[in-house]
Amino acid sequence: MMQVPKPVTKTFRERVLPSPASFLPLLLLYPSLLLVFLPINAGLGHLLGALATLLAVFALVLNAPVILVSEGRLSVRNARIQIAEIAKTDVVDSNEAFEERTSRLDSRAYVVIKSSVPTYLKIFLKSNPDDQTPYWLVSTRRSTELKNLLDAKD
C-alpha cells in the first residue's frame with residue numbers, strides 16, 4: 001500500500017528578544033545590592049547582587065514574546081489564530097512605528113510590542129462577529145519574511 005505524503009507546511013519561529021542595550025541597566029543591580037549589604041555582610045552583598053542580576057536577565061529573556069507559524073496557525077504569546085482568518089499584512093518600519101503604537105492605535109487591537117525592536121507587522125483580520133479585534137500589532141525583526149509567509153496562504 002502506497003502512503004500519501006503529508007503536505008509540506010511552512011513554519012516560522014522567532015523569539016523577539018530585547019536589544020543588547022536593554023540589558024545594560026541590569027548591570028546596576030549588582031553594585032547597588034553590594035553597596036546596600038556592604039555594612040552588614042560583603043559576601044552576602046556579592047551573592048545577592050549576582051543572583052539578582054542573573055534573575056533579571058533570565059526574566060527579560062523568558063518574557064520575550066514568541067511568534068510561531070505552523071500547521072496553518074499564527075501564535076503570538078498566548079493568542080492564536082488560523083492563517084485563513086488573516087485579511088492582509090503590512091510591514092511598519094521604524095519611521096511609522098511611533099504613530100502606529102500611539103495616535104493610530106485602535107484600542108481593540110491585540111498588541112505585542114518591544115520598544116527596542118524597530119519594525120512591526122500589522123496583521124489585519126477578517127471581520128468576525130465573535131471577535132472585535134481589528135488587527136494585531138506585533139514586533140518582529142524578520143517582518144518581511146513573516147509577511148511573505150502569512151500572505152502566501154497556500
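The first residue in the sequence is number 1, and the count goes up from there.
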If you group Ile, Leu, Val, Met, Phe, Trp and Tyr by side-chain heavy-atom gaps below 4.5 Å, do [X] and [Y] land in one group?
X: F12; Y: V91; value: yes
X: V76; Y: L125; value: yes
X: V69; Y: V112; value: yes
X: L137; Y: I81; value: no
X: L29; Y: F23; value: yes

Considering residues at least two apart in sequence or located in another chain, which fulfil the side-chain hydrogen bond (donor to acceptor under 3.5 Å, both in side chains) criterion with [X]?
X: T140; result: E14
X: R15; result: none
X: S22; result: S19

Between atom [atom1] of [X] and atom [atom2] of [Y], what is the distance when rounded to the nearest 0.5 Å?
X: D90; Y: S143; atom1: CG; atom2: OG; answer: 11.0 Å
X: R104; Y: T102; atom1: CZ; atom2: OG1; answer: 8.5 Å
X: H46; Y: L34; atom1: NE2; atom2: CG; answer: 4.5 Å
X: E71; Y: Q82; atom1: CD; atom2: CD; answer: 9.5 Å
X: I83; Y: I123; atom1: CD1; atom2: CD1; answer: 9.5 Å
X: D151; Y: L146; atom1: CG; atom2: CG; answer: 9.0 Å

ring-ring contact (aromatic ring centres under 6.0 Å, His included) partners of residues 111-150, not counting sequence neighbours, each pair once: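 Matches after skipping sequence neighbours: Y110-W136, F124-Y135.
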
Any pair counted as ring-ring contact (aromatic ring centres under 6.0 Å, His included), so long as it reaches residues 79-106, sequence neighbours left out: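 Qualifying pairs: none.
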
Search all heavy atoms of [X] against all heavy atoms of [Y] and return the closest pair with its distance.
X: A52; Y: L33; value: CB-CD1, 3.4 Å
X: P39; Y: L35; value: CD-O, 3.6 Å
X: I40; Y: V36; value: CD1-O, 4.3 Å
X: S139; Y: V16; value: O-CG2, 3.4 Å
X: T11; Y: S70; value: CG2-CB, 3.9 Å

4.5 Å side-chain heavy-atom contact, V111 and R101: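 V111 does not reach R101 side chain to side chain.
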
Backbone of R13 reached by a side-chain donor or acceptor of R142 within 3.5 Å: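 Yes, the answer is positive, given that a donor and an acceptor are paired below the 3.5 Å cut-off.
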
Inter- and intrachain pairs under salt bridge (Lys or Arg N to Asp or Glu O under 4.0 Å), touching residues 113-123, at least two apart: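 Qualifying pairs: E100-K122.
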
Residue list, side chain to side chain contact (heavy atoms under 4.5 Å, CB included) with [X], at least two apart or on another chain:
X: A50; answer: Y30
X: N78; answer: none
X: P134; answer: D106, R108
X: D93; answer: N95, E96

Intermediate values then yes/no, side chain to side chain contact (heavy atoms under 4.5 Å, CB included), T144 and L121: CA-CA 8 Å; T144 305; L121 188 65; over 6 Å; no

For residues 57-66, please give each side-chain donor-acceptor pair under 3.5 Å, one per line with the distance, not counting sequence neighbours.
from, atom 1, to, atom 2, distance (Å)
N63, OD1, R77, NH1, 3.4

ILVMFWY clustering at 4.5 Å (side-chain atoms), partners of L24: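 Cluster partners of L24: L27.
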
